[in-house]
Amino acid sequence: MSPLTRRQLLALGAAGAGAAAVGGAGLWWSGGGEALGGGRELLQPEILSSRNGVLDLALEAAPAQVRIGAREAHVQAFNGSLPGPTLRVRPGDTLRVAMSNGLEAPTNLHVHGLHVSPEGHGDNPFVSIDPGESFDYEFVLPEDHPPGTYWYHPHHHGHVADQLAAGLYGAIVVEDPDSVPVARERVLVISDITLDGSGDLAEVSPPQRMMGREGRTVLVNGQVRPGATAAPGERELWRVVNACPSRYLRLTLDGQTVRLLGRDVGRLPAPREVTEVVLAPGNRVELLVDTREGTSRLLAAPVDRGSMDGMMDGMMGGAMPGDGPGNDEPIEVLTLEVAGARAGNPGPVPAGPAPRDLRGEPVAARRTLDFAMGAGMGMGGGMMGDGMMGEGTTGDGTTGGTRGPGSMMSFTIDGERFDAERTDQRVAVGTVEEWTLTNSSPMDHPMHLHVWPMQVVQDEDHDVGAPLWLDVVNIPAFGEVVVRVAFDDFGGRSVYHCHILDHEDLGMMGTLEAR
């Protein structure tokens, strides 16, 4: 197949933005993995599965020492593993999580992409679990919840990017009652991290936060360049999660037949052959890999997601070396060795259900949301400069601001920084709305709406053909995307935000109340 168009890239979850290399002496570089090692067998995270309609588990967020490649690393992790355990549930199940906080900062839990209640002990982004405290979550999946690959991570405003970059993430699988016959499933949680020469988490500079940090080491399931094996003629299901705080992933697998089975929410009616897929931060894809003999590499190539060069020149007296986009070479994520006796025919792929199409349903309201960046004062009169940006939240949950010489780069939606006490959008449960998402900045912004998935109906000037359902929709720099949202099943307060998580921590998030 020919390379995907921008419209097709949006259909896979992103069109946008690139790899920013992070400079600094003594940091571990993993473009080729030399400093960290590689080539070990690809491991799968621990699997915790529901029984009799319930999955009960204890989840601790705490510092951990793990092996990354050839070195010991000091990270933060769920239950001491990088990534945390994979949670497998079915539509209609109840997921109960007793979460404890062993960190030095407040935290909480977000089940990204799950269509569950945002209230009380559900997917509530306003919960704050203080250090040493715990909280009991309960997520009840509807009986008709779309199957697919989802994930979990902290979502305490002001700490999200730091905690995700430190290693706090894991996959969720909602099983398909009409599953595809495969030889094996592989969960591939792709993340990135920057460690200093001692294996500690490296400091993040203000320009890196404003651009959206990209770690120097790209990992899959906490490993550097692992290897996997298969026999020719097998069919594998790869569940890929982009758990990077800011990095977009353009993935290719040379020498193999790859078909897209699903993205973000549910399955496609029929799998579609692809040569590459692009995932914005937070996106997921499910890929069918029909194996052919030989050695193949899963590569992550850079993506151009715009820049802040002009803004940075004015604010910082010139661009800072090592903090802007760089590293134009693809990064090897894993190697697949296919050899041995040929496997038998795996059988046909059952058709997926026809997706709901909101374009034929009445629209109760239309809104426009603008994602913007610019120079301006920080919250509470704060300014940029002492090496801390978005260092936390004040008592009312608003961004604490940044202090020092120069101006603060503002990250806003409709001209406002996040305020947990303010309600930005009010919607009626049971209605469909149309949202026009505009981006008046020179960088792409991947927009994530909690609880309710979005159907993309227009990408800039182009109507989208078949129904396309995502929970992270990329808004191109100086571009526009139109989505429709069915506010079904649940009332309550939740949030929408840029999934370049540094941008969210710096204020690019709004609140929504459904009643």
Side-chain angles (χ1 to χ4, degrees), residues 4-17 110-116 123 145-151 153 171-172 174 239-244 248-251 260-269 271-272 274 276-287 303 305 352-359 369 371 432-439 444-460 462-476 479-488 494-501 504 512:
L4 300 181
T5 65
R6 185 177 181 87
R7 176 178 170 185
Q8 289 170 319
L9 294 179
L10 176 66
L12 298 178
H110 169 44
V111 284
H112 182 123
L114 291 188
H115 180 55
V116 294
D123 190 22
H145 194 288
T149 304
Y150 305 89
W151 64 303
H153 62 83
I172 302 173
V174 179
R239 300 180 180 272
V240 185
V241 178
N242 183 354
C244 301
Y248 288 60
L249 300 169
R250 184 187 301 273
L251 299 176
L260 179 69
L261 180 69
R263 69 286 180 258
D264 277 17
V265 182
R267 273 176 56 183
L268 299 178
R272 178 162 52 86
V274 293
E276 63 179 14
V277 291
V278 177
L279 288 79
N283 280 140
R284 292 88 57 213
V285 289
E286 295 173 356
L287 304 174
V303 179
R305 59 183 172 97
R356 180 180 178 183
D357 193 344
L358 300 181
R359 289 172 293 191
L369 282 65
F371 289 67
V432 173
E433 294 201 359
E434 182 173 284
W435 289 14
T436 299
L437 310 174
T438 64
N439 182 352
D444 288 20
H445 295 295
M447 185 270 211
H448 174 45
L449 172 62
H450 290 209
V451 180
W452 300 278
M454 298 170 280
Q455 181 187 346
V456 181
V457 298
Q458 191 175 68
D459 169 19
E460 299 189 270
H462 307 289
D463 291 337
V464 176
L468 168 61
W469 286 88
L470 301 171
D471 54 57
V472 177
V473 173
N474 193 68
I475 317 169
E480 178 178 292
V481 178
V482 180
V483 301
R484 289 193 178 184
V485 185
F487 290 100
D488 294 333
S494 195
V495 294
Y496 52 91
H497 59 87
C498 177
H499 218 283
I500 295 175
L501 294 176
E504 181 230 302
L512 174 148

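Using modelled atom types, one side-chain atom of His145 and one backbone atom of His115 make a donor-acceptor pair closer than 3.5 Å. Within the 3.5 Å criterion, the main-chain N or O of Val111 finds a donor-acceptor partner in the side chain of Asp123. For Asn242 (side chain) and Asn283 (main-chain N/O), no donor-acceptor pair under 3.5 Å exists by modelled atom type. The main-chain N or O of Asp488 is found under 3.5 Å from a side-chain atom of Trp452 such that the two form a donor-acceptor pair.
Across all non-hydrogen atoms, the minimal contact from Val481 to Asn474 is CG2-O, 3.4 Å. Trp469 approaches Pro453 most closely through the heavy-atom pair CZ3-O, 3.7 Å. Heavy-atom minimum distance, Gly266 versus Tyr150: N-OH, 3.9 Å. In plain terms, the two heavy atoms of Val472 and Gly282 that are nearest each other are CG2-C, 4.0 Å. The shortest heavy-atom contact between Cys498 and Glu504 is O-CB, 3.4 Å. Closest heavy-atom contact between Ile172 and Leu114: CD1-CD1, 4.1 Å.
Note that NE2 of His445 and CG of Leu437 are 12.0 Å apart. Values are rounded to the nearest 0.5 Å. Distance check, rounded to the nearest 0.5 Å: CD1 of Ile500 to SG of Cys244 gives 11.5 Å. With values rounded to the nearest 0.5 angstrom, Arg484 atom CZ is found 11.5 Å from Arg356 atom CZ. Taken to the nearest 0.5 Å, the NE2 atom of His450 stands 3.0 Å off from the NE2 atom of His497. The CD atom of Glu276 lies 12.0 Å from the CG atom of Leu249; values are rounded to the nearest 0.5 Å.
Under the 6.0 Å cut-off for aromatic ring centres, His499 and His110 do not qualify, their centroids lying 6.0 Å or more apart.
Within the 4.5 Å cutoff, side-chain heavy atoms of Val483 are placed close to those of Val456.
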After noting the C-alpha distance and the side-chain angles of Leu251 and Leu287, does the key distance pass the side-chain contact (heavy atoms from CB on, under 4.5 Å) rule?
CA-CA 11 Å; Leu251 299 176; Leu287 304 174; 5.7 Å; no
Applying side-chain contact (heavy atoms from CB on, under 4.5 Å) to Asp444 and Phe371, what does each step give before you reach the verdict?
CA-CA 9 Å; Asp444 288 20; Phe371 289 67; over 6 Å; no
Would Met454 and Leu470 count as a side-chain contact (heavy atoms from CB on, under 4.5 Å) here? Give the steps.
CA-CA 5 Å; Met454 298 170 280; Leu470 301 171; 5.7 Å; no
Go through His153 and Val241 one step at a time and tell me if the side-chain contact (heavy atoms from CB on, under 4.5 Å) criterion holds.
CA-CA 12 Å; His153 62 83; Val241 178; over 6 Å; no
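Applying the salt bridge (charged side-chain N to carboxylate O under 4.0 Å, His left out) rule to Arg359 yields the partners Asp357; only residues at least two apart in sequence or on another chain are considered. For Tyr496, the side-chain hydrogen bond (donor to acceptor under 3.5 Å, both in side chains) criterion is met by Gln425, not counting sequence neighbours. Listed by chain and number, the residues in a side-chain hydrogen bond (donor to acceptor under 3.5 Å, both in side chains) with Trp435 are Glu433 (sequence neighbours excluded). Partners of Asp471 under the side-chain hydrogen bond (donor to acceptor under 3.5 Å, both in side chains) rule, at least two apart in sequence or in another chain, are His112, Arg284. Residues forming a side-chain hydrogen bond (donor to acceptor under 3.5 Å, both in side chains) with Glu286 (at least two apart in sequence, or on another chain): Thr149, Arg239. Leu268 is linked by a side chain to side chain contact (heavy atoms under 4.5 Å, CB included) to Leu260, Arg263, counting only residues two or more places apart in sequence or in another chain.
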